[in-house]
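Scroll down for the structure; my scribbles are underneath it.
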Amino acid sequence: MTLEDAQERSLIAAAFAAAEHAYAPYSDYPVGAALLFEDGAVITGCNVENASYGLALCAETVAVAKAFEAGRRGGLVAVAVVGLKADREPITPCGRCRQVLNEVAALGATDPMVLCVSKDDVRRITLSALLPHAFGPSHLG
Ligand code: THU
């Protein structure tokens, strides 16, 4: 599925809006993520840090957890990720988030387009390019 411009813009806007709710007092690096599903539903997340620094939850992971809680088991077609320090180069999902995103993608056999967003730039990279040879549910049974 190719994303239309309008869909892409609204997904990115949803990720920016989510980043406004980030709790990132330690890194001062607010992140927002937005997941787009086949039926048009969008589920967002923001990063949630902790006084015990290593316990920080990334925005993508929060969004995926919300998606599972909402009953989603696949159908992931696109993801937008934004860092509010958007003057830097576009954020790309961390390694753990690539794996977490892969779980929902694998369940529906989709290869979502990941929109990596900075102030003036959108990099479009498929999840399979970000995480080649991924370990997934099929390896377990
Ligand atoms: N972060 C995300 O939310 N997603 C990523 O893919 C990379 C990093 C967050 C974690 C932490 O709260 C802050 O960015 C700085 O690492």
Side-chain angles (χ1 to χ4, degrees), residues 1-51 53-141:
M1 177 178 151
T2 316
L3 282 194
E4 289 166 20
D5 283 359
Q7 260 180 322
E8 216 182 80
R9 274 197 300 276
S10 84
L11 194 64
I12 290 169
F16 270 109
E20 294 294 338
H21 298 288
Y23 176 66
Y26 306 109
S27 70
D28 192 30
Y29 190 76
V31 181
L35 313 181
L36 175 67
F37 290 86
E38 273 161 359
D39 62 357
V42 171
I43 295 181
T44 56
C46 62
N47 54 337
V48 180
E49 297 185 346
N50 192 280
Y53 297 168
L55 301 185
L57 300 174
C58 288
E60 303 91 313
T61 292
V62 169
V64 169
K66 286 172 63 183
F68 273 97
E69 191 275 338
R72 300 275 162 185
R73 298 290 187 273
L76 181 63
V77 292
V79 179
V81 190
V82 308
L84 282 193
K85 294 280 166 74
D87 51 329
R88 317 226 170 129
E89 68 171 311
I91 183 173
T92 55
C94 78
R96 183 175 190 273
C97 286
R98 295 175 196 201
Q99 181 67 30
V100 167
L101 288 165
N102 183 67
E103 188 74 16
V104 60
L107 289 176
T110 61
D111 185 12
M113 186 59 75
V114 182
L115 310 174
C116 305
V117 181
S118 70
K119 197 168 65 186
D120 326 292
D121 199 9
V122 179
R123 261 185 221 161
R124 297 166 187 79
I125 315 173
T126 59
L127 183 61
S128 65
L130 287 169
L131 188 68
H133 310 287
F135 177 77
S138 66
H139 290 97
L140 296 175

Side chain to side chain donor-acceptor pair (under 3.5 Å) filter on R9, not counting sequence neighbours, yields none
Taking every non-hydrogen atom, the tightest pair across G45 and A63: N-CB, 3.7 Å
So, do C116 and I125 sit near enough that their side-chain heavy atoms are less than 4.5 Å apart? yes
Any donor-acceptor pair under 3.5 Å from N47 side chain to Y29 backbone: yes
Output all residues satisfying ring pair (Phe, Tyr, Trp, His ring centres under 6.0 Å) with Y26, sequence neighbours left out; order by chain, then residue number. Y53
Minimum heavy-atom separation for A78 and L3, please, with both atom names. CB-CD1, 3.7 Å
Within the 4.5 Å heavy-atom criterion, are N50 and Y23 side-chain neighbours or not? no
Once salt bridge (charged side-chain N to carboxylate O under 4.0 Å, His left out) is applied, do any residues pair with R123, and if so which ones, sequence neighbours excluded? E89
Closest heavy-atom pair and its distance - V62, C46: CG2-O, 3.4 Å
Side chain to side chain contact (heavy atoms under 4.5 Å, CB included) between T44 and H21, worked out: CA-CA 10 Å; T44 56; H21 298 288; over 6 Å; no
Between CG on residue L76 and CG on residue L36, distance to nearest 0.5 Å: 8.0 Å
Salt bridge (Lys or Arg N to Asp or Glu O under 4.0 Å) pairs touching residues 18-34, sequence neighbours excluded, are D28-K85
In terms of heavy-atom contacts, V81 and P93 come closest through CG2-CG, 4.2 Å
According to side chain to side chain donor-acceptor pair (under 3.5 Å), who are the partners of D111, at least two apart in sequence or on a separate chain? S128
Hey, does V114 have a side-chain heavy atom less than 4.5 Å from the side chain of T92? no
Residue set satisfying side chain to side chain contact (heavy atoms under 4.5 Å, CB included) with A80, at least two apart, ordered chain then number -> L11, I12, A15, L115
C97 vs T61 side-chain heavy atoms within contact, under 4.5 Å: yes
Pairs of donor and acceptor atoms involving the side chains of residues 130-141, under 3.5 Å and at least two apart or interchain, shall be tabulated with distances.
{"from": "H139", "atom 1": "ND1", "to": "G136", "atom 2": "N", "distance (Å)": "3.0"}
{"from": "H139", "atom 1": "ND1", "to": "G136", "atom 2": "O", "distance (Å)": "3.4"}

Kindly indicate, with the supporting measurements, whether the criterion side chain to side chain contact (heavy atoms under 4.5 Å, CB included) is fulfilled by E8 and R124. CA-CA 10 Å; E8 216 182 80; R124 297 166 187 79; 2.7 Å; yes
Salt bridge (charged side-chain N to carboxylate O under 4.0 Å, His left out) involving R73 - partner list, sequence neighbours excluded: none
E103: side chain to side chain donor-acceptor pair (under 3.5 Å) partners, not counting sequence neighbours: none
Could you report the tightest heavy-atom contact between V104 and F37, atom names first, then the distance? CG2-CE2, 4.2 Å
Closest heavy-atom contact between A67 and I43? CA-CD1, 3.6 Å
If you look only at pairs with a residue in residues 128-141, which of them pass as a salt bridge (Lys or Arg N to Asp or Glu O under 4.0 Å), with sequence neighbours excluded? none
Contacts of type salt bridge (charged side-chain N to carboxylate O under 4.0 Å, His left out), residue R72, not counting sequence neighbours: D39
For a side chain to side chain contact (heavy atoms under 4.5 Å, CB included) check, start with the C-alpha distance between L127 and V79, then their side-chain angles and the critical distance, and finish with the verdict. CA-CA 9 Å; L127 183 61; V79 179; over 6 Å; no
Tell me the salt bridge (Lys or Arg N to Asp or Glu O under 4.0 Å) pairs involving residues 40-51, sequence neighbours left out? none
